[in-house]
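Naming convention: chains lettered A, B, ... in sequence-line order (proteins, then strands); numbering from 1 in each chain. Note: hydrogens, waters and symmetry copies are ignored here, and every other heavy atom, side chains too, is used.
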Protein chains: 2
Amino acid sequence: MSASSVTSESLSGNAGSNGPMHSDASAAPVRIVDLANELDLSIATISRVLNDSPAVRPEVAERVRTHALTRGYVANRLARSLRSRTRSFVGFLVPAIENLAYSIAADACAQYVSRSGHQLILAISGDDPELEFNALRSLAEARVGAVIVAPSPSMTAGSRKLLAGMSVLEFNRTAGLSKNMVLCDERAAFIEAARHLLDLGHESIAYIGTTDAVSNGRERLEGVREELERRGKQLRQTHIRLLPPTEGDGYQAAQELLSGPDLPTALLVGSSSLSMGVARAVRELGIKVPEELSLIVYGDSQWGQLFSPQLTTIMAPYREMGESAANLVASILSKDEKEPAQVVRMHAELLLRGSTAQPTNMSRRT
Amino acid sequence: MSASSVTSESLSGNAGSNGPMHSDASAAPVRIVDLANELDLSIATISRVLNDSPAVRPEVAERVRTHALTRGYVANRLARSLRSRTRSFVGFLVPAIENLAYSIAADACAQYVSRSGHQLILAISGDDPELEFNALRSLAEARVGAVIVAPSPSMTAGSRKLLAGMSVLEFNRTAGLSKNMVLCDERAAFIEAARHLLDLGHESIAYIGTTDAVSNGRERLEGVREELERRGKQLRQTHIRLLPPTEGDGYQAAQELLSGPDLPTALLVGSSSLSMGVARAVRELGIKVPEELSLIVYGDSQWGQLFSPQLTTIMAPYREMGESAANLVASILSKDEKEPAQVVRMHAELLLRGSTAQPTNMSRRT
DNA sequence: TTGTATGCGTTATCAC
DNA sequence: GTGATAACGCATACAA
């Protein structure tokens, strides 16, 4: 909180209900019983109206509805859920909401779950097992009907135990937590990307990605390795960097890889945060793309368009994934009978832009 | 949901409690009364232990605690809040969580409110008055203890009425909803930016920003205009574009402005989404920055570093703002006595990078 | 120090 | 069709 100023403005004599806005935030909410008294009806009737029960005379219903509106009645979900044993919250546990992938997914997801009458509660693990546990615990306390979770690499036993008590939907990453999943086909996407580079004639391809402890990190690496081997090439150990997904790590790894002795002619990046760092390093090293190096990044398509040249990008359909997760959850919550588990696999696209080309003799060989 | 494949995998005979993981998600949660029966104690005693009441024999407390742990007891917040009349949720209403500013703020905020035992519920308005109302209603139903809100430009009367019943904290934007605010000094930031351009010798400065219906959009524009006038310059009407904050709008506005007859030598952008579009347009038009045009953007510092040259950027301390909001909310929720309203004003920094320079005769005059 | 009993706001089960 | 009334899971005033 470096540069900030805090001004305390006393509200002075604010006893009476003055001020056109700023009404009493402490005024007790109106309850069903209030409406009942005011209309000289029973709480049962009011409740029925509010729940659209047909068993109430239309004129009475109308009277109740208008009165509820004018009095600004807002149902108490806590009491409602408690009594009716229904669950109105849905949890969404992500590693980091700053990650555009998750923020887009969360946006779509929130919108769609609200459409089915639920409220999304966002929880953030920071990929930290302890924070993750706390977050899950908090969701459990809120009695979420379901939780959509992108599990951290090393989830604790405690977290798993909590999840065992909820209906869970794995999102983007898998860790054997559920039979319901919304994923995208990372392996196929990276196979496609590798093939693209191979087709251009690259022989020396490097990969910077995230730790293979998390499912999609693993899939990405495997996709690249698989395609290379299928073509009789090798993904050499010196051309692989597996790191935590931060901009800084990507920057450092690229710096190191691209100023080392064994220069690749193409570089494939397997994480959006890493991609940003890699791009920065490439820019600072003054490497000409694609003449000296072909580059394929992952994730966000936005800034990739600002780089010169525009970056060829692997992009997953985050919005659709979030939407899909919301719909799946809705279907799980509607029918309490055990549904057959569903696995939704989305296709990640390879956006061909200007950062890949045939290797030239300008390539930065030593 | 263009390219996706849905696989239905039947769970087959999954009747018995088999499967090491995937335990019964439908098992009823253990309640206080369960613990009480199993330990042959009263529910009052259990409750006291779980609330750290000192009025219970330490050995009993220990016995209860361990038993609760082994049984995997998770308190029911709904019941707890209902009975104790405490509020454990905090709402955070943002226009768009894809906006890095809000996602960073939400992250920090979620972390800090959870530290004080609360759970953040994220709500998204999409700057749409109707969605905003629904979101607020949903938060009201969840009986949030407070709501941190970045109001949409044209909030409905209904929304205002709802907010009147809650304790609200305005975030980043103001609309006369509360006396508690966490803002940043947009005006000062844009004065500083304008001064920087004027000091470099620019005479013809353009501004692309958001509609002045929203408070900070207004402040930004006013800051620029104020500083220019103080220096005897004019922010001409033809050099102003006020738009919705989308990448596309920024792109289009910049295209238009920078290929028109009355070319500015410097361009100031007042929104992060607009900034991306402007940058893309500048790049596509092949305008040399800063030789032909000095450019100052707003918001995200990350991709601004990838542009060539790196972009001079006005950046607000989103993380600190989120943290600050969380702390303010915590202090509001802890003491129910009417606190003096607090206004926190943070300083937005001007990061001088490579996109601004003196105007040259290379400047794109007609 | 512990237990009994009441109520939070709502829905659901009965009667009428 | 409508109205009493019990119960959801928990905290708490009061009794013991």
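- In this pair, B:F89 and A:F89 present their aromatic rings tilted. The plane angle is within the 30 to 60° band.
- When B:T86, B:V90, B:V144, B:V329 are each tested for a side-chain contact (heavy atoms from CB on, under 4.5 Å) with B:H118, only one passes: B:V90.
- Note that the first and last nucleotides of DNA chain C, 5' to 3', having any atom under 4.0 angstrom from a heavy atom of chain B are C:dT1 to C:dG9.
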Where along nucleotides 10-16 of chain D does protein come under 4.0 Å, by heavy atom, of base (B) or sugar-phosphate alone (S), with - for untouched nucleotides? BBBB---
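- A donor-acceptor contact shorter than 3.5 Å is absent between the side chain of B:S138 and the backbone of B:N134.
- Comparing B:L41 and B:L82 by the nucleotide of DNA chain C whose heavy atom lies nearest to each, the residue mapping closer to the 5' end is B:L41.
- One can place CG of A:L39 at 15 Å from C1' of D:dG3, the figure rounded to the nearest angstrom.
- Partner of A:L39 under the side-chain contact (heavy atoms from CB on, under 4.5 Å) criterion, chosen from A:V60, A:D34, A:V64: A:V64.
- Looking at A:D40, A:L41, A:V33 one by one, the single match for side-chain contact (heavy atoms from CB on, under 4.5 Å) with A:N37 turns out to be A:V33.
- Here B:Q119 contributes atom CD and A:L139 contributes atom CG; the two are 5.5 Å apart, rounded to the nearest 0.5 Å.
- Between B:F171 and B:F92, the ring planes are perpendicular. Angles over 60° get that label, and only those under 30° would be called parallel.
- With values rounded to the nearest 0.5 angstrom, B:D127 atom CG is found 10.0 Å from B:M155 atom CE.
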